[in-house]
2 protein chains.
Amino acid sequence: MDKRVTIRDIARKTGVSVATVSNVINGVNKASEQTKKIVLQAIKEMGYQPNLTARSLSVNRSRMIGVLLPIDESTSASLLLRDNPFYGEFISGVEYQAMMSGYDVLISGFRPGQSCREWILKRDLDGIVFVGNYTAAVSNDAKEFGSQLVLVDSYDEGLQKHHSINIDDVQGGYAAAKHLLDLGHKNIAIAASNILVDGAIYRRFCGYKDALAESGIFLRNDFIFQDTLSFDGGYRIGLRLLEQTDKISAVFAVADIMAFGIIKAFYENGKQIPRDLSIVGFDDIKTCEYIIPPLTSVHQPVYEKGITAVNILVDAIKNPDIPKRNVLFPLKLTERGSAMNFCERRVCASASL
Amino acid sequence: MDKRVTIRDIARKTGVSVATVSNVINGVNKASEQTKKIVLQAIKEMGYQPNLTARSLSVNRSRMIGVLLPIDESTSASLLLRDNPFYGEFISGVEYQAMMSGYDVLISGFRPGQSCREWILKRDLDGIVFVGNYTAAVSNDAKEFGSQLVLVDSYDEGLQKHHSINIDDVQGGYAAAKHLLDLGHKNIAIAASNILVDGAIYRRFCGYKDALAESGIFLRNDFIFQDTLSFDGGYRIGLRLLEQTDKISAVFAVADIMAFGIIKAFYENGKQIPRDLSIVGFDDIKTCEYIIPPLTSVHQPVYEKGITAVNILVDAIKNPDIPKRNVLFPLKLTERGSAMNFCERRVCASASL
DNA sequence: CTATGTTTGTTAACCGTTTAACTTTTTCTG
DNA sequence: CAGAAAAAGTTAAACGGTTAACAAACATAG
């Protein structure tokens with residue numbers, strides 16, 4: 001069944017030593033053109049494929065990178081991939097760039113209490129892309145066992161000791177709020193998860209706060225709505241917002257799925273977006289285009305993050321001494337139909353009376 | 001830097017041979033309780049982790065499975081993961097079950113012209129989950145090199161020579177059309193991609209046709225709308241449907257994203273769903289819940305497909321001689337708000353005059 | 001024609017594990 | 001208590017590559 005052709009078979013067939021075959025395969029210039037040709041010919045004829053497992057063992061390099069993804073904490077089981085299209089796009093970028101660079105990619109959820117030490121050691125991973133909340137243990141493991149590390153969305157606040165990729169949440173939050181301000185809104189709420197728990201959300205909140213402050217608007221505590229970072233959480237916030245449409249004319253939702261929940265709550269109660277509430281989301285997932293009205297959202301370049309993560313990782317693998325790189329992606333708001341001018345809104349509203 | 005502890009270190013430290021250490025690790029009952037204890041103790045103390053690369057080489061089993069995913073043909077670059085949340089959920093299921101079974105999972109796009117022979121040989125993959133359009137070459141490769149294979153959504157029509165996982169597209173299409181028929185609709189269009197090209201789409205179409213026939217309704221050719229399987233394709237079909245709202249009261253979209261496009265076209269032209277058109281989608285992606293109105297859709301158990309694929313694969317790896325299993329998931333329609341009773345619709349329409 | 005350098009190769013150890021075959025020690029049996 | 005059987009442990013080859021060290025063949029220069 002398993003008719004594997006080995007380097008020794010090639011050697012035997014061509015009458016040279018295994019070392020020579022190996023050299024030819026690896027482009028070490030130690031063979032005459034003549035033998036090279038013969039060896040390559042045999043390789044082709046016999047359908048030889050180098051066994052990377054054996055190579056890994058020998059050179060202590062696997063040419064594999066691992067991607068550690070956050071886990072749905074409620075089930076502690078499935079990857080966050082399940083509900084969040086977001087990560088799928090990220091992986092897509094990772095896979096593409098890894099393939100282009102000659103690496104294979106292993107994926108795994110990073111489950112609570114787990115360390116990545118085990119994984120790195122077991123599989124000889126050349127590098128790992130860690131997505132989500134970073135812990136010191138992770139980097140220690142990587143460092144100790146010679147595996148390179150790129151942190152994504154981890155926002156290693158401290159000393160920039162690792163390669164990292166982040167989006168500029170503060171600027172994104174700012175852009176969202178600024179957009180609403182520019183449309184003439186003054187009473188702008190924010191729909192968020194627990195602001196003090198999640199760093200990214202906190203930073204988006206800060207950007208929002210900055211924009212308000214810049215416009216001389218005082219941040220009101222009762223304009224801060226917090227619930228779970230989910231469709232349902234957004235829905236519940238939507239219900240609360242419904243009671244205050246007289247006071248609040250716009251909302252910045254720190255995640256698109258929360259925005260969708262809000263929209264649903266309004267729709268179910270006969271209110272219209274953006275007439276009764278202007279809304280800006282964050283992430284710009286694909287669904288924003290589909291929904292009605294299409295959701296204005298702060299776009300983050302998820303695919304590019306995957307590409308960039310691998311680029312940096314591969315550089316670091318090739319040369320472990322390169323200085324740490326910390327990429328901060330600027331964010332841009334994608335304007336769609338879910339936020340409208342405050343004044344036109346009043347016109348619109350009165351017309352409908 | 002790389003302070004790997006090997007089996008030899010353990011042997012040296014405990015004063016036994018490497019074979020004994022290996023036996024203890026693998027649970028081969030050949031060591032006294034006494035030595036077992038000592039060895040396990042040393043393993044713990046020294047933080048030993050077996051090197052699976054070495055083990056792979058030795059036993060010719062990698063404990064890795066590969067997932068081959070379809071590629072976006074337009075770019076020939078990124079995984080279909082990018083735009084289709086669908087595959088993310090599938091991978092999530094695969095990863096979970098693989099983890100539970102002690103396997104690591106490699107992912108890769110299956111790019112045109114590629115064979116999986118290379119991959120299997122290079123990495124010693126124990127098995128592969130192949131998603132999408134199956135080609136004979138794939139199974140030959142797997143068979144030849146002792147790697148197990150599970151086909152997903154490949155619908156290997158012929159002799160059931162491989163393990164496979166499919167959804168019952170025919171039944172799903174039937175369920176969609178039947179739902180609309182039960183609501184009193186008689187003029188039901190279908191929005192599809194090229195029916196003759198994609199097997200799955202063709203089967204959904206057949207189910208639709210069957211349901212109509214069963215109700216004694218003749219299939220009209222001008223009720224078959226074909227465009228690309230995309231949001232934009234759906235949008236264009238939506239524009240065409242708009243001109244025939246007098247003739248057509250309902251549509252079955254063979255994919256949710258097409259349904260979204262149709263909804264958008266109607267929305268943009270001041271028409272309402274489901275008042276002006278009842279619509280049923282297929283796939284039941286997460287977005288169906290978010291959209292307004294929430295889309296009634298034929299649900300397919302994507303996560304479960306991932307779980308099942310791995311279960312079968314692992315069984316087959318453990319025992320290559322088990323008979324081929326062919327799982328066909330029945331599909332269930334999830335009712336939401338996008339399809340309404342034909343008669344109530346007329347009431348509703350006249351009320352709005 | 002020798003000394004020297006270069007090109008082209010080979011040999012054999014090594015990477016970290018498994019495992020068949022063998023040996024030693026212990027236990028059991030009559 | 002001898003001999004057999006069972007238990008506990010060891011040795012060494014294998015898996016499929018890489019690579020340092022060495023060697024032969026050939027070309028070149030003086």
Side-chain angles (χ1 to χ4, degrees), chain A residues 1-40 43 46-64 118 120-126 145-146, chain B residues 2-40 42-43 46-64 118 120-126 145-146:
Chain A
M1 169 168 23
D2 207 328
K3 37 179 98 168
R4 160 157 258 137
V5 178
T6 75
I7 207 172
R8 270 171 247 271
D9 296 326
I10 303 290
R12 198 172 312 124
K13 165 143 186 179
T14 56
V16 301
S17 69
V18 289
T20 297
V21 176
S22 175
N23 284 332
V24 169
I25 291 168
N26 295 297
V28 176
N29 205 19
K30 258 188 142 191
S32 65
E33 288 306 317
Q34 174 70 335
T35 34
K36 253 188 220 167
K37 195 161 291 174
I38 294 174
V39 169
L40 290 176
I43 286 178
M46 304 183 70
Y48 167 78
Q49 270 294 332
N51 179 332
L52 296 192
T53 303
R55 195 201 308 253
S56 296
L57 187 59
S58 188
V59 301
N60 207 25
R61 278 285 174 90
S62 63
R63 286 220 149 239
M64 292 195 293
E118 203 186 329
I120 296 175
L121 276 178
K122 279 201 307 199
R123 294 288 182 195
D124 257 344
L125 299 181
D126 291 351
F145 302 104
Chain B
D2 207 329
K3 37 179 98 167
R4 159 156 258 138
V5 178
T6 75
I7 209 172
R8 267 172 251 272
D9 297 326
I10 303 290
R12 198 172 311 125
K13 167 143 184 177
T14 57
V16 301
S17 70
V18 291
T20 297
V21 177
S22 176
N23 283 333
V24 170
I25 291 170
N26 295 296
V28 176
N29 205 20
K30 257 189 144 189
S32 65
E33 288 306 316
Q34 172 71 334
T35 33
K36 256 188 216 167
K37 197 161 290 174
I38 294 175
V39 169
L40 290 175
I43 285 177
M46 305 182 72
Y48 167 78
Q49 270 295 330
N51 180 332
L52 296 193
T53 303
R55 194 200 310 251
S56 296
L57 187 58
S58 188
V59 303
N60 206 26
R61 277 285 173 93
S62 62
R63 286 220 149 238
M64 292 195 294
E118 204 185 328
I120 296 175
L121 276 178
K122 278 200 308 198
R123 294 288 181 196
D124 258 342
L125 299 181
D126 292 350
F145 302 105

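Heavy atoms only: backbone and side chains are in, while hydrogens, waters and symmetry mates are out. Letters A, B, ... mirror the listed sequences (proteins, then strands); counts begin at 1. All values reported here derive from a predicted model rather than from experimental measurement.
- Closest approach of B:Ser62 to B:Asp124, counting heavy atoms only: OG-O, 2.6 Å.
- Across all strands, A:Val28 comes closer than 4.0 Å to no nucleic acid atom at all (heavy-atom distances).
- Remark: A:Ile7 CD1 to A:Tyr48 OH distance equals 4.5 Å, nearest 0.5 Å.
- The side chain of A:Ser17 lies closest to C:dT11 when the candidates are C:dT17, C:dT11, D:dT18.
- Rounded to an integer number of Å, the gap from CD1 of B:Ile43 to C1' of C:dG16 is 14 Å.
- Candidate nucleotides C:dT19, D:dT10, D:dG16 were compared by shortest atom distance to the side chain of B:Val59, and C:dT19 ranks first.
- Contact of A:Arg8 with D:dG17 (side chain to base): a donor-acceptor pair of N or O atoms is detected under 3.5 Å.
- When distances run from any side-chain atom of A:Arg55 to the nucleotides D:dT10, C:dG16, D:dT18, the shortest one goes to D:dT18.
- Here C:dG16 presents its P atom at 15 Å from CZ of A:Arg61, a figure rounded to the nearest Å.
- At D:dA8, none of the side-chain N or O atoms of B:Asn23 fall inside 4.0 Å of OP1 or OP2 (strictly under the cut-off).
- B:Ile10 places its CD1 atom 13 Å from the P atom of C:dG16, with the value rounded to the nearest Å.
- Among C:dG16, D:dT10, D:dG17, the nucleotide with an atom closest to any side-chain atom of A:Ala54 is D:dG17.
- Between the side chain of A:Ser58 and the base of D:dG17, at least one donor-acceptor pair of N or O atoms lies under 3.5 Å.
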| task | Kindly determine whether A:Asn23 and A:Lys36 satisfy side-chain hydrogen bond (donor to acceptor under 3.5 Å, both in side chains), including the steps that lead there. | result | CA-CA 9 Å; A:Asn23 284 332; A:Lys36 253 188 220 167; over 6 Å; no

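- Along DNA chain D, the nucleotide nearest to B:Thr35 and the one nearest to A:Pro50 differ in position, and the one closer to the 5' end is contacted by B:Thr35.
- Considering only side-chain atoms of A:Tyr48, the nucleotide from D:dG17, C:dG16, C:dT10 that sits closest is D:dG17.
- Using a 4.0 Å heavy-atom cutoff across all strands shown, B:Thr6 reaches sugar-phosphate atoms only and no base atom.
- As judged by a 4.0 angstrom heavy-atom cut-off over every strand, B:Ala19 is placed among the base-contacting residues.
- Across all strands shown, B:Asn29 has no heavy atoms under 4.0 Å from either base or sugar-phosphate atoms.
- Looking at A:Ile43, A:Ile38, A:Val18 one by one, the single match for side chain to side chain contact (heavy atoms under 4.5 Å, CB included) with A:Ile10 turns out to be A:Ile43.
- Rounding to whole angstrom units, CD1 of residue B:Ile7 and C1' of C:dC14 are separated by 16 Å.
- The interatomic distance linking B:Arg4 (CZ) with C:dC15 (C1') rounds to 10 Å, in whole Å.
- When the C1' atom of D:dC15 is taken as reference, atom CG of A:Asn51 falls 9 Å away, rounded to whole Å.
- Atom CG in A:Asn60 sits about 10 Å away from atom C1' in C:dG16, given to the nearest Å.
- In the set C:dG9, C:dG16, D:dT10, the nucleotide with an atom closest to the side chain of A:Ser32 is C:dG9.
- Contact annotation for B:Glu33: no contact, since no heavy-atom pair falls under 4.0 Å across all strands.
- For B:Ser22 and C:dT18, the shortest distance from a side-chain N or O to OP1 or OP2 is below 4.0 Å.
- Residues B:Met46 and B:Thr14 have side chains not in contact (no heavy-atom distance under 4.5 Å, counting atoms from C-beta outward).
- You'll find that the side chain of A:Lys30 is closest to D:dA21, out of C:dT18, D:dT19, D:dA21.
- Atom CZ of residue A:Arg123 and atom OG1 of residue A:Thr53 lie 9.0 Å apart, to the nearest 0.5 angstrom.
- Atom CZ of A:Arg123 and atom C1' of C:dC15 are 17 Å apart (whole Å).
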